[in-house]
Amino acid sequence: MTGTVSTAITFAPVFSVWLMVIIAAVLLALATVIFVHRARGGVLRLAAFALMFLVLLGPHHQREQRESQDDVVLVMVDQSASMNVEDRAAQRDEALRAVQNRLSTNPSLVPRFVDFGAMGAELTTEGTRLRQALVTAAADIPRGRYAGTIVITDGQVHDMDDPAIGGDLPDGPLHVLLTGERNAFDRRVVVTRVPGYGLVGQETSIEFQVDETVQAGETLSPVPVSLTIDGQIKSTMQVMPGEDASFSFPLAHAGTSVVEVVAEDVDGELSTINNAGVVTINGVRDRLRVLLISGQPHAGERTWRNLLKSDPAVDLVHFTILRPPEKSDFTPIQELALITFPTFELFDIKIAEFDLMVFDRYVVRHVLAPRYFRNIESFVKKGGGLLVVVGPEYAGSRSLNETPIGDILPVQPTGSVIEQGFYPTLSDLGRIHPVTAPLISFSGVDDATPNWGRWFRQIESSERRGSVLMRGVDDQPLMLLDRIGDGRVGML
């Protein structure tokens with residue numbers, strides 16, 4: 001920073017420029033008339049006119065002492081995760097030291113070092129994002145002091161055309177120092193098209209490409225690619241790099257499926273992280289087929305029926321056991337307005353056609369043979385859903401716990417029934433679980449002021465497994481969910 005002193009004559013006209021031009025024209029015309037007619041005292045008049053015009057111009061003597069400001073150079077240093085590949089970090093540090101040494105030889109340049117893409121509080125997962133860091137760093141630098149930018153990075157910038165980033169890039173030179181090897185080999189999988197959702201049991205396809213860095217004269221060869229769904233390899237194929245390819249597969253279950261396309265690793269490539277493309281596909285059912293078995297008539301039976309029938313996407317089959325085998329009043333069958341319970345068709349032939357079975361207050365009266373319960377257990381393990389809603393019958397000798405499906409139920413009854421008023425509470429998991437999270441508005445924020453009425457009966461039981469979503473008296477489990485094989489079991 002050096003200082004200089006300068007002097008100059010400046011003018012500050014009394015009137016505006018156009019008015020001063022008019023005054024000058026008038027004075028010039030008067031001077032011409034005096035000169036033409038050779039009037040006496042013409043020289044003095046001309047001198048007076050000139051002096052008057054000079055006064056109107058407002059001359060000033062200006063003396064300035066100026067101090068020059070040093071220019072600012074931005075040095076942008078890439079700290080993203082890709083800099084850890086091979087020896088790029090060492091190359092970056094070496095380039096940074098060289099830039100520091102070169103800038104230190106010029107005292108008129110002030111370097112400002114800025115790290116961008118750091119994997120920390122400003123975690124970025126969208127590649128090398130330079131523009132936002134550069135706009136922010138240059139925001140407080142006066143335009144006249146900006147000397148330029150030096151960027152030390154390893155590749156392409158991913159946010160130069162991002163409309164969400166406000167502000168203009170600084171106007172000045174930009175120099176890039178690239179790390180890495182010019183002829184390094186790398187392979188990556190790019191998923192080009194993936195559906196947001198698919199129908200369960202129907203074919204869904206995903207399109208992708210395998211890209212490789214190819215040197216002049218090299219020939220491409222097919223790459224082994226595998227398809228993995230929820231951690232299990234489903235298919236493999238050979239794919240030529242650069243060509244579009246696709247996998248077709250059925251979705252096995254509703255909900256989110258994690259689909260991964262993985263290309264075979266090659267020795268010597270830059271990174272194997274990008275050899276896989278991972279996406280999620282939400283499986284939805286075209287129609288949800290539900291079998292509701294009510295063990296006995298009760299007030300809540302219609303609630304279940306109305307709830308399931310209110311959804312047009314649910315196909316409901318409902319049976320209520322009104323006439324157990326031990327009930328014998330000698331009424332002729334042809335005079336009963338009842339159909340025979342098709343146990344063989346439902347629990348043997350067509351059991352795989354259902355998505356969910358609901359046992360509502362079911363009492364074991366030998367309507368279903370033991371082998372049907374074993375079929376239900378196999379149905380759940382293969383991906384079906386089972387919801388068991390029980391009452392006092394679960395604590396007795398005719399409990400579902402005494403059947404072959406008792407082993408997959410999440411609780412075991414103690415034989416006691418608790419009959420007292422209580423308010424159900426959500427567990428910590430129940431507050432965030434999608435099944436019970438909407439009930440927070442009823443249970444209250446802190447369970448101290450619930451918005452629903454009291455419950456008056458609970459079946460005492462001990463936990464076998466599963467996740468407790470609701471609890472009742474003395475923290476007894478009230479609602480539980482569990483995964484059995486590929487299926488799920490819920491119990492209330």
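Side chains included, hydrogens not; waters and symmetry mates left out as well; all remaining heavy atoms used. Nothing fancy with the numbering, it's 1 onward along the sequence. Just so it is clear, the structure is predicted and the values come from calculations on it, not from any experiment.
For the 3.5 Å distance criterion, the side chains of Gln412 and Ser462 fail to qualify, holding no donor opposite an acceptor. With no hydrogens or angles considered, no side-chain donor-acceptor pair links Ser246 and Arg193 at under 3.5 Å.
Using a 4.5 Å heavy-atom cutoff, the side chains of Pro477 and Leu480 are in contact.
Atom CG of Leu478 and atom CD of Gln458 lie 5.0 Å apart (nearest 0.5 Å). Within the model, atoms OG of Ser427 and NE2 of His433 stand 9.5 Å from one another, a figure rounded to the nearest 0.5 Å. To the nearest 0.5 Å, atom CZ of residue Arg488 and atom CG of residue Asp482 are 9.5 Å apart.
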Quiz item: What's the verdict on side-chain hydrogen bond (donor to acceptor under 3.5 Å, both in side chains) for His318 and Ser294, showing C-alpha distance, side-chain angles and the deciding distance?
Solution: CA-CA 8 Å; His318 183 198; Ser294 297; 3.0 Å; yes

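Phe247 and Phe208 have their aromatic ring centers within a separation under 6.0 angstrom.
Glu94 has no carboxylate O lying under 4.0 Å from a charged side-chain N of Arg88, or vice versa, which leaves the two without a salt bridge. The existence of a salt bridge linking Lys381 and Glu377 is confirmed by a sub-4.0 Å separation between a basic side-chain nitrogen and an acidic carboxylate oxygen. Between Asp348 and Arg371 there is a salt bridge, since at least one side-chain N of the basic residue sits less than 4.0 Å from a carboxylate O of the acidic one. A salt bridge is absent between Lys350 and Glu345; no separation between the charged side-chain nitrogens and carboxylate oxygens falls under 4.0 Å.
Proximity of a side-chain donor or acceptor of Arg361 to a complementary backbone N or O of Pro392 within less than 3.5 Å is not detected. A donor-acceptor pair is defined here as one N or O able to donate and one able to accept, closer than 3.5 Å; such a pair exists between the side chain of Asp311 and the backbone of Ala313. Put simply, the side chain of Arg112 never gets that close to the backbone of Val75: no donor and acceptor are under 3.5 Å apart. Within the 3.5 Å criterion, the main-chain N or O of Glu419 finds no donor-acceptor partner in the side chain of Arg457.
Residue Ile273 places its CD1 atom among 12 or fewer non-hydrogen atoms of other residues, nucleotides or ligands, all under 6.0 Å distant. Applying the 6.0 Å contact sphere to CG of Asn306 captures more than 12 heavy atoms from other residues, nucleotides or ligands.
A search for ring-ring contact (aromatic ring centres under 6.0 Å, His included) contacts involving Tyr362 returns Phe359, not counting sequence neighbours.
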